[in-house]
Amino acid sequence: MRTATLGPAERAESLAGMAERELDVLVVGAGVVGAGTALDAATRGLSTGLVEARDWASGTSSRSSKLIHGGLRYLEMLDFALVREALKERGLLLERLAPHLVKPVPFLYPLQHRGWERLYAGTGVALYDGMSMARGHGRGLPMHRHLSRSHALRVAPCLKKEALVGALQYYDAQMDDARYVATLVRTAAAYGAKVANRARVTGFLREGERVVGARVQDVEAGGEYEVRAQQVVNATGVWTDDTQAMVGERGQFHVRASKGIHLVVPKDRIHSTTGLILRTEKSVLFVIPWGRHWIIGTTDTDWDLDKAHPAASSADIDYLLEHVNSVLAVPLSKDDVQGVYAGLRPLLAGESEATSKLSREHTVAHPAPGLVVVAGGKYTTYRVMAKDAVDEAVHGLDQRVADCVTEEIPLVGAEGYRALWNARARIAARTGIHVARVEHLLNRYGALTEELLDLIAADPSLGEPLHAADDYLRAEIVYAASHEGARHLDDVLTRRTRISIETFDRGTRSAREAAELMAPVLGWDKDQIEREVEHYQKRVEAERESQRQPDDLTADAARLGAPDIVPL
């Protein structure tokens, strides 16, 4: 298998190639489900196209809690099928498909009542572990354990003594969601899929009742392409209803958006060796280890405003701080918050008014000949959703198509990752890069780390860290533009890296250095560099202003003060 490079030339070739001859499958939307669908179709031998209006994972799939989990709380809802399915997927990702990207993470669940709560919660966690082991995909994670209060406080000294009488500790897994999607897209491309971001579907092609393709606008270079396909898959998440409206067909189901916000705080603000999971009156609250940071989330509120840029209000931030501070011995303040991000869950609209009770199951439908819609679900089960979507599309293809094989297909960077990890000290000695930096690269790129090391060998200055975001090497910025499809500064600072939420300046001090590194790859002149930097600074200003607003309406209005960048 060749390693796919997603640079400017490859993007142009993909768009031209999609318009050149009819595809078997065209996937619209490159979040985790769309990217997974493209990989599923390509690995069945189908000619496949994938288009995304903005950037890979620019919607929900870059703004999650960064967890790969079985959904412990769904056990309480007696949704055993969903939990069983998710636990199997968690195991596959940890052990086979993406061990370089998906890692175990411990969580402590404080118990607040003696006797019955330990029995109740302990039974649930034991069932969780048991279901995982029964499927043969739990070997990568330690089993849960019961802790006394004193033991729990040694593991998590940040907790108030009166906040718990004991605790349970169990394991799930985590990943960088946007990086995972970019890797999925590259894997699909490596198996022959034609992929293009900043390529917006403006309408569908019809022959009578049948959908036979889509009109695709190149947002970067201008121009419009007619991309014909035997089957089109709508995988646009919270935009599902909007995309369906282009066909003029009434959808068989509706997708409702639920907003979840997260806070990012420095590691030293919470003294703990484990993540935390806390109950709230509405749902659960996670405190998740994230490198040199913690992620605190999430909220769960209905959202019917701008879908592209959901805004976190001051009330959202206060809600999270109030709930996490209820158990912390040293409370957090707004001054401790380095980053804030908001995302929208695509929930299948049901009878319940509370978004936290809407289904996390997914649905696949064929609302018109030639058009398949997949919606709902959760990040962890994206591969199953993709399989179901392609299975449905296959019904409309006039050919014999192989069964799904993605259970056996590692993502690019997975093959050889463990061998390179074992050799990390030798790699550090050979390259002169500190072993901690080598580990950082291996856990972001896996075996593709060699490609970054080649860049550094050719230009040693790329082995230096960014001046204002020293967790990242300069080579990673260049690589994002040359190999990972990054088209704008925003793509790099918010998704290829996490500088926008991991620094107090939200990436503004890194913006110019990053833009200058991207410029030679993307052919930017000085004016475009200035536009990129100015746009990014305005985006950060608008986000900060939205987070000072008291409610969703005012926060949304403030965030919309910074429009999306369009190159001249």
S.K.: When you measure from the side chain of T299 to the backbone of D316, do you find a donor-acceptor pair of N or O atoms at a distance under 3.5 Å?
M.R.: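 Not a single qualifying donor-acceptor pair exists.
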
S.K.: Taking only residues two or more places apart in sequence, or in another chain, which ones meet R145 in a side-chain contact (heavy atoms from CB on, under 4.5 Å)?
M.R.: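 In terms of side-chain contact (heavy atoms from CB on, under 4.5 Å), with neighbours along the sequence ignored, R145 is linked to L147, H151, V155, Q169.
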
S.K.: Got more than 12 heavy atoms from elsewhere within 6.0 Å of CZ, R426?
M.R.: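 No, because the 6.0 Å sphere around CZ of R426 holds 12 heavy atoms or fewer from other groups.
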
S.K.: With N443, which residues qualify under side-chain contact (heavy atoms from CB on, under 4.5 Å), at least two apart?
M.R.: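 N443 satisfies side-chain contact (heavy atoms from CB on, under 4.5 Å) with K103, Y417, W421 only.
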
S.K.: Can you tell whether the side chains of R444 and E439 come within less than 4.0 Å, N to carboxylate O?
M.R.: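 No.
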
S.K.: Does one side chain, of T406 or R383, offer a donor that lies under 3.5 Å from an acceptor on the other?
M.R.: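 Result is yes, a qualifying pair exists.
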
S.K.: Between Y445 and T183, is the side-chain contact (heavy atoms from CB on, under 4.5 Å) condition met? List the steps.
M.R.: CA-CA 8 Å; Y445 307 94; T183 307; over 6 Å; no

S.K.: Taking all non-hydrogen atoms of both residues, which atom of R498 and which atom of D176 are closest, and how far apart?
M.R.: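 Reported closest heavy-atom pair: NH2-OD1, 3.1 Å.
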
S.K.: Would you mind reporting whether L285 and V324 have side-chain heavy atoms less than 4.5 Å apart?
M.R.: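 Yes, their side chains come closer than 4.5 Å.
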
S.K.: Measure across P410 and A414 and return the closest heavy-atom pair with its distance rounded to 0.1 Å.
M.R.: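 Smallest interatomic distance, heavy atoms only, reads CB-CB, 3.8 Å.
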
S.K.: Got a donor-acceptor contact below 3.5 angstrom from the N325 side chain to the L321 backbone?
M.R.: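 A pair under 3.5 Å: yes.
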
S.K.: Please evaluate residues R544 and Q547 with respect to the criterion side-chain hydrogen bond (donor to acceptor under 3.5 Å, both in side chains), reporting the C-alpha separation (whole Å), side-chain torsions for both, the decisive distance (0.1 Å), and the verdict.
M.R.: CA-CA 5 Å; R544 287 190 187 278; Q547 290 154 21; over 6 Å; no

S.K.: Indicate yes or no: does D490 engage R496 in a salt bridge with an N to O separation below 4.0 Å.
M.R.: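 Salt bridge: no.
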
S.K.: Taking all heavy atoms of L141 and all of Y171, pick out the closest pair and write down the distance.
M.R.: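 Here L141 and Y171 meet closest at CD1-O, 4.0 Å.
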
S.K.: Check whether any side-chain heavy atom of N197 lies under 4.5 Å from a side-chain heavy atom of R11, and answer yes or no.
M.R.: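 Answer yes - side chains close enough.
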
S.K.: Please tell me if the side chains of T37 and T48 come closer than 4.5 Å, counting only heavy atoms from C-beta onward.
M.R.: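 A side-chain contact under 4.5 Å is absent here.
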
S.K.: Between atom CG of L67 and atom OH of Y379, what is the distance when rounded to the nearest 0.5 Å?
M.R.: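 Between atom CG of L67 and atom OH of Y379 there are 11.5 Å.
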
S.K.: Table please: side-chain donor-acceptor pairs of residues 286-295 below 3.5 Å, with sequence neighbours left out.
M.R.:
| from | atom 1 | to | atom 2 | distance (Å) |
| --- | --- | --- | --- | --- |
| W290 | NE1 | E502 | OE2 | 2.8 |
| R292 | NE | D471 | OD1 | 3.0 |
| R292 | NE | D471 | OD2 | 3.4 |
| R292 | NH2 | D470 | OD1 | 3.1 |
| R292 | NH2 | D471 | OD1 | 2.6 |
| H293 | ND1 | Q338 | OE1 | 2.9 |
| W294 | NE1 | K267 | O | 3.0 |
| W294 | NE1 | I270 | O | 3.2 |

S.K.: Does S272 use its side chain to pair, donor to acceptor, with the backbone of C158 at less than 3.5 Å?
M.R.: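 A pair under 3.5 Å: no.
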
S.K.: Decide if atom NZ of K334 counts as having more than 12 heavy atoms of other residues, nucleotides or ligands within a radius under 6.0 Å.
M.R.: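 Result for NZ/K334: enclosed.
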
S.K.: Less than 4.0 Å between a side-chain N and a carboxylate O, is that true for D177 and K66?
M.R.: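 D177 and K66: salt-bridged.
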
S.K.: Against the six-membered ring of Y319, is K259 placed for a cation-pi contact (under 6.0 Å from the centre, within 45° of the normal)?
M.R.: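 Here K259 fails the 6.0 Å and 45° test against Y319.
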
S.K.: Does any non-hydrogen side-chain atom of E450 lie less than 4.5 Å from one of L420?
M.R.: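 Yes, at least one pair of side-chain atoms sits under 4.5 Å.
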
S.K.: With a 4.0 Å cut-off, would you call K387 and E407 a salt bridge?
M.R.: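 No salt bridge links K387 with E407.
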
S.K.: Would you indicate whether the side-chain heavy atoms of L39 and Y191 approach each other to under 4.5 Å?
M.R.: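 In contact.
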
S.K.: Quick one: pull up CZ in R54 and CZ in R495 and give me the separation to the nearest 0.5 Å.
M.R.: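 One finds 7.0 Å between CZ of R54 and CZ of R495.
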
S.K.: Just wondering, do W56 and Y180 contact through their side chains at under 4.5 Å, heavy atoms?
M.R.: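 The answer is no; the side chains never approach within 4.5 Å.
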
S.K.: Rounded to the nearest 0.5 Å, what's the gap from OG1 on T187 to CG on L411? Could you check?
M.R.: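 Rounded to the nearest 0.5 Å, the OG1-CG separation comes out at 4.5 Å.
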
S.K.: For T5 and S482, which heavy atoms make the closest approach, and how far apart are they?
M.R.: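 Taking every non-hydrogen atom into account, CG2-O, 3.2 Å.
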
S.K.: Determine whether Q528 and H488 satisfy the following criterion, side-chain hydrogen bond (donor to acceptor under 3.5 Å, both in side chains), listing intermediate values before the conclusion.
M.R.: CA-CA 10 Å; Q528 184 64 24; H488 294 286; 4.6 Å; no

S.K.: So Y109 and V125, do their side chains get closer than 4.5 Å, heavy atoms only?
M.R.: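 With C-beta onward as the side chain, the pair stays apart.
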
S.K.: How close do A312 and A342 get, heavy atom to heavy atom, and via which atoms?
M.R.: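 Here A312 and A342 meet closest at N-CB, 4.1 Å.
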
S.K.: Give a yes or no on whether a salt bridge exists between K526 and E530, defined as a side-chain N under 4.0 angstrom from a carboxylate O.
M.R.: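 Not counted as a salt bridge, because no side-chain N and carboxylate O are separated by less than 4.0 Å.
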
S.K.: Centre-to-centre under 6.0 Å for Y472 and H440, is that the case here?
M.R.: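 For Y472 and H440, the ring centres are under 6.0 Å apart.
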
S.K.: Any side-chain to backbone donor/acceptor pair from R179 onto L101? Under 3.5 Å, distance only.
M.R.: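 No, R179 side chain to L101 backbone: no donor-acceptor pair under 3.5 Å.
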
S.K.: Indicate the atoms forming the closest heavy-atom contact of A121 with L111, along with that distance.
M.R.: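 Shortest heavy-atom separation between A121 and L111 comes out as CB-CD2, 4.2 Å.
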
S.K.: What is the distance from atom CD1 of I433 to atom CD1 of I427, rounded to the nearest 0.5 Å?
M.R.: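 I433 CD1 to I427 CD1: 9.5 Å, rounded to 0.5 Å.
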
S.K.: Please confirm whether the backbone N or O of H323 pairs with a side-chain atom of S326, one donor and one acceptor, at under 3.5 Å?
M.R.: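 Side chain of S326 to backbone of H323, a donor-acceptor pair under 3.5 Å: yes, one is there.
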
S.K.: Drop me the distance from R531's CZ to L489's CG, to the nearest 0.5 angstrom.
M.R.: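 So the CZ of R531 and the CG of L489 are separated by 13.0 Å.
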
S.K.: Starting from the C-alpha separation in whole Å, work towards a yes-or-no answer on side-chain hydrogen bond (donor to acceptor under 3.5 Å, both in side chains) for Y479 and E451.
M.R.: CA-CA 9 Å; Y479 189 80; E451 296 181 350; 2.5 Å; yes

S.K.: Between R198 and E52, is there a side-chain N and carboxylate O pair less than 4.0 Å apart?
M.R.: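 Judged by the 4.0 Å cut-off on N to carboxylate O distance, R198 and E52 do not form a salt bridge.
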
S.K.: Check whether T298 reaches the backbone of H262 with its side chain - one donor and one acceptor, N or O, closer than 3.5 Å.
M.R.: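 A pair under 3.5 Å: no.
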
S.K.: Output the distance between atom CD (E516) and atom CD1 (I477), rounded to the nearest 0.5 Å.
M.R.: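 It is 12.5 Å, given to the nearest 0.5 Å.
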
S.K.: Which is it for R487 and D55 under the salt bridge (Lys or Arg N to Asp or Glu O under 4.0 Å) test, yes or no, and what are the steps along the way?
M.R.: CA-CA 8 Å; R487 301 288 304 172; D55 185 28; over 6 Å; no

S.K.: State, yes or no, whether a side-chain contact exists between T43 and E408 at a heavy-atom distance under 4.5 Å.
M.R.: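 T43 does not reach E408 side chain to side chain.
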
